[in-house]
K.L.:
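Below are the structure tokens for one structure; questions will follow.
In what follows, every chain begins at residue 1, and chains take the letters A, B, ... in the order their sequences are listed.
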There are 2 protein chains.
Amino acid sequence: MVTINDVAQHAGVAASTVSYVLSGKRTISETTRARVMASIRTLGFHPHAGARALASNKANVIALALPFRQGMHLPVLMQFATAVVTAARAADHDVLLLTADEGAAGVRRIANSAMVDGLILMDVETHDPRVPTLRELDRPSVLIGLPASADGLTCIDLDFTGAGELCVNHLAGLGHKRVALLGAPQAVYDRDTGFARRTRDGVLTAARSLNVHAVARPCEPTYAAVLRELTALPNVTGLIVHNEAAVDHALTALRTLGRRIPDDVSVVAICPDEVAERATPELTSVPIPATEVGQRAVELLMSKLDGNTTASVTLLTPRLTVRSSTGPA
Amino acid sequence: MVTINDVAQHAGVAASTVSYVLSGKRTISETTRARVMASIRTLGFHPHAGARALASNKANVIALALPFRQGMHLPVLMQFATAVVTAARAADHDVLLLTADEGAAGVRRIANSAMVDGLILMDVETHDPRVPTLRELDRPSVLIGLPASADGLTCIDLDFTGAGELCVNHLAGLGHKRVALLGAPQAVYDRDTGFARRTRDGVLTAARSLNVHAVARPCEPTYAAVLRELTALPNVTGLIVHNEAAVDHALTALRTLGRRIPDDVSVVAICPDEVAERATPELTSVPIPATEVGQRAVELLMSKLDGNTTASVTLLTPRLTVRSSTGPA
DNA sequence: GCCGATCGTCGAAGCGCTTCAACAATGGGT
DNA sequence: ACCCATTGTTGAAGCGCTTCGACGATCGGC
């Protein structure tokens with residue numbers, strides 16, 4: 001292994017000088033800097049992460065706690081993860097992967113071992129058992145999702161209530177009077193996962209204020225279940241689907257029931273653009289801005305690591321893209 | 001922060017004794033061990049990962065390089081990842097997440113900084129640019145997938161050739177004489193990704209030796225593309241689908257074309273059980289044993305970290321589960 | 001032409017842990 | 001009763017890096 005001393009010797013300077021060249025925490029003459037950099041390159045020097053963490057009290061690593069739970073749509077999760085890793089790397093940090101298995105204990109272990117400087121928790125539930133642990137730990141952290149109380153925490157998420165409202169507004173604007181929300185599986189509501197409920201609340205609230213009749217139905221993502229639900233809702237002319245795995249099934253089921261899109265029923269989905277664009281017909285949709293959420297989460301965390309305080313809750317404004325699955329009532 | 005010295009003082013022993021209690025590398029009397037453990041618990045001591053890495057020259061962290069590329073089925077990727085993290089934790093290691101963005105440079109950086117003890121690369125292509133880097137780095141590593149040459153490497157994967165053969169054998173055994181493989185998007189073959197080609201080869205080889213007529217078609221996972229392909233194959237009575245995102249589309253398309261499953265056409269899919277079971281009808285399938293591959297990959301890596309040598313290629317035997325989508329010709 | 005500031009560099013201390021050599025205290029074997 | 005092994009514990013060295021205080025050199029101001 002090539003150490004900072006090897007570099008120093010090769011460049012004819014002190015080890016501390018090499019360190020300062022690398023960190024920029026002291027002014028270094030241009031000539032020295034160039035000489036050191038050259039030595040670093042020829043020797044192929046990479047600082048030892050452990051030594052660095054020990055001496056500087058910073059690991060330059062953040063933890064990402066992914067849930068891997070049933071009912072979450074995995075591609076979106078991956079988008080989050082990719083965005084987080086990419087953004088973290090841009091800020092010179094690496095990402096340690098944590099799964100739900102270890103739960104609160106894992107969070108505690110990682111934080112106490114000084115292995116990470118901060119953490120990002122994904123898919124936070126309304127009553128998430130990891131949140132109390134996080135509070136007592138006082139390591140900088142960012143939550144994706146909204147727990148019951150965000151006091152003293154930093155949370156970020158899509159404004160799902162707003163997304164639900166947006167869908168209803170769009171349909172109401174087209175003249176639809178009877179709409180339905182095809183939601184997540186019952187298990188997701190039972191688990192108290194915020195985003196599913198918030199969407200439902202948004203839909204119902206907006207419908208009430210616009211004098212639109214709305215029903216919200218949980219739904220398993222199987223063709224049979226979707227068909228059953230849609231068969232039971234013959235009068236609905238506007239359908240909001242907030243369940244990615246059920247989107248294709250819903251389209252097939254409507255086709256089977258002889259209901260044309262958008263002539264007989266307008267469909268708007270809350271799902272990634274990718275899913276909306278691949279469907280036939282292409283779906284009017286409110287995308288979940290996974291990449292943006294991931295990036296913002298990292299930004300917030302880095303800001304906290306720099307000692308800044310941040311807003312306790314950041315809600316991203318939902319946007320609706322009109323495609324060919326919605327039309328006048 | 002509570003250090004090993006705090007623990008030592010609290011327990012009335014030397015710091016080295018605490019270290020030996022933790023590592024078990026020296027015999028310690030039961031009474032001392034108990035006293036030390038008690039102190040550790042009361043003080044809430046967690047060893048500093050950086051210090052440990054520095055002193056012992058082991059980070060107890062492995063890197064997992066995920067591709068996040070188009071054409072990979074993400075839920076399977078997540079299964080891999082979960083299995084890897086879980087297995088690694090069981091072996092007292094954490095997992096650092098690497099994405100494809102950084103490519104070979106990322107692999108080099110991580111390895112040289114002593115941040116990880118070994119690496120697992122997922123979705124390795126036939127001519128993967130990371131492989132040469134890995135070779136010169138000489139850190140223990142395990143590849144999931146098969147590069148052109150596995151010499152001196154440790155690779156593990158499902159035997160996709162065998163999976164293709166297995167599907168054809170099953171269909172031929174039911175009396176089918178004309179079969180088709182609906183494969184991955186063209187881009188995946190172009191990229192020289194091994195698994196797609198190996199499946200195709202297995203299908204074609206088995207068909208030839210069983211005197212079955214077979215065609216293999218790449219396919220985009222859109223309803224329109226799938227419908228087009230299936231319309232162009234009116235005589236086929238056995239369909240093999242190796243493209244998870246296209247599975248549902250294929251079933252819908254067959255239904256639309258008025259071809260009943262399994263009466264008119266038998267369908268066998270190479271996909272996770274989850275997808276096969278959710279489909280209507282439930283699909284005869286060859287699952288990709290993501291969890292097992294992940295576990296085995298970690299086992300192999302741990303073995304290498306312990307200084308053992310391992311087989312250069314491990315291929316897992318595919319298994320076919322018969323469900324209701326296949327029947328006699 | 002002298003003094004204080006500024007700039008660039010250095011040496012040494014120390015981060016928290018592991019591990020090695022060494023030593024004290026036992027416990028048979030003879 | 002003596003010696004040698006074994007067992008249990010210790011102190012100290014050192015892993016590779018950052019950072020602090022110090023020091024010589026350069027420079028502008030009077």
K.L.:
Look at the side chain of Arg26(A) against the base of dG21(D) and say whether a donor-acceptor pair falls under 3.5 Å; ignore hydrogens and angles.
P.N.:
yes
K.L.:
Counting side-chain heavy atoms from C-beta on, which of dC17(C), dT10(D), dC10(C) comes nearest to Thr3(B)?
P.N.:
dC17(C)
K.L.:
May I ask you to say what Thr27(A) touches in the nucleic acid, namely base, sugar-phosphate or nothing, with a heavy-atom cut-off under 4.0 Å?
P.N.:
base
K.L.:
Assess whether one donor atom and one acceptor atom, taken from the side chain of Tyr20(B) and the base of dC17(C), lie less than 3.5 Å apart.
P.N.:
no
K.L.:
Using a 4.0 Å heavy-atom cut-off across all strands, classify Ser19(A) as base, sugar-phosphate, or nothing.
P.N.:
base
K.L.:
With Val85(A) as reference, evaluate Val95(A), Val298(A), Leu97(A) under the side-chain contact (heavy atoms from CB on, under 4.5 Å) test and give the passing residue.
P.N.:
Val95(A)
K.L.:
Can a donor-acceptor pair be found, under 3.5 Å and without considering hydrogens, that links the side chain of Asp306(A) to the backbone of Asn308(A)?
P.N.:
no
K.L.:
Touch check for Ser23(A), heavy atoms < 4.0 angstrom, all strands: base, sugar-phosphate only, or nothing?
P.N.:
nothing
K.L.:
Students often get this wrong, so: under 4.0 angstrom with heavy atoms, is Ala55(B) touching a base, only sugar-phosphate, or nothing?
P.N.:
base
K.L.:
To the nearest angstrom, how far is Met115(B) atom CE from dC17(D) atom C1'?
P.N.:
13 Å
K.L.:
Measuring from the side chain of Ser16(B) (C-beta onward, heavy atoms only), which nucleotide among dC10(C), dC17(C), dT19(C) has the closest atom?
P.N.:
dT19(C)
K.L.:
For DNA chain D, whose closest nucleotide is more 5', that of His48(A) or that of Thr32(B)?
P.N.:
Thr32(B)
K.L.:
Consider the side chain of Thr17(B), meaning its heavy atoms from C-beta on, and name the nucleotide among dT9(D), dC17(D), dC17(C) that approaches it most closely.
P.N.:
dT9(D)
K.L.:
Output, in order, the C-alpha distance, side-chain angles, deciding distance and verdict of side-chain hydrogen bond (donor to acceptor under 3.5 Å, both in side chains) for Ser29(B) and Thr32(B).
P.N.:
CA-CA 5 Å; Ser29(B) 69; Thr32(B) 308; 2.7 Å; yes
K.L.:
Of all the nucleotides listed (dC7(C), dC17(C), dT9(D)), which has the minimum atom distance to the side chain of Ala51(B)?
P.N.:
dC17(C)
K.L.:
How long is the line joining CE of Met1(A) and P of dG16(D), in whole Å?
P.N.:
7 Å
K.L.:
Of all the nucleotides listed (dC15(D), dC17(C), dC10(C)), which has the minimum atom distance to the side chain of Ala14(A)?
P.N.:
dC10(C)
K.L.:
Check whether any side-chain heavy atom of Leu315(A) lies under 4.5 Å from a side-chain heavy atom of Leu146(A), and answer yes or no.
P.N.:
yes
K.L.:
Is a side-chain donor or acceptor of Lys304(B) paired with a backbone partner of Thr310(B) at a separation under 3.5 angstrom?
P.N.:
no
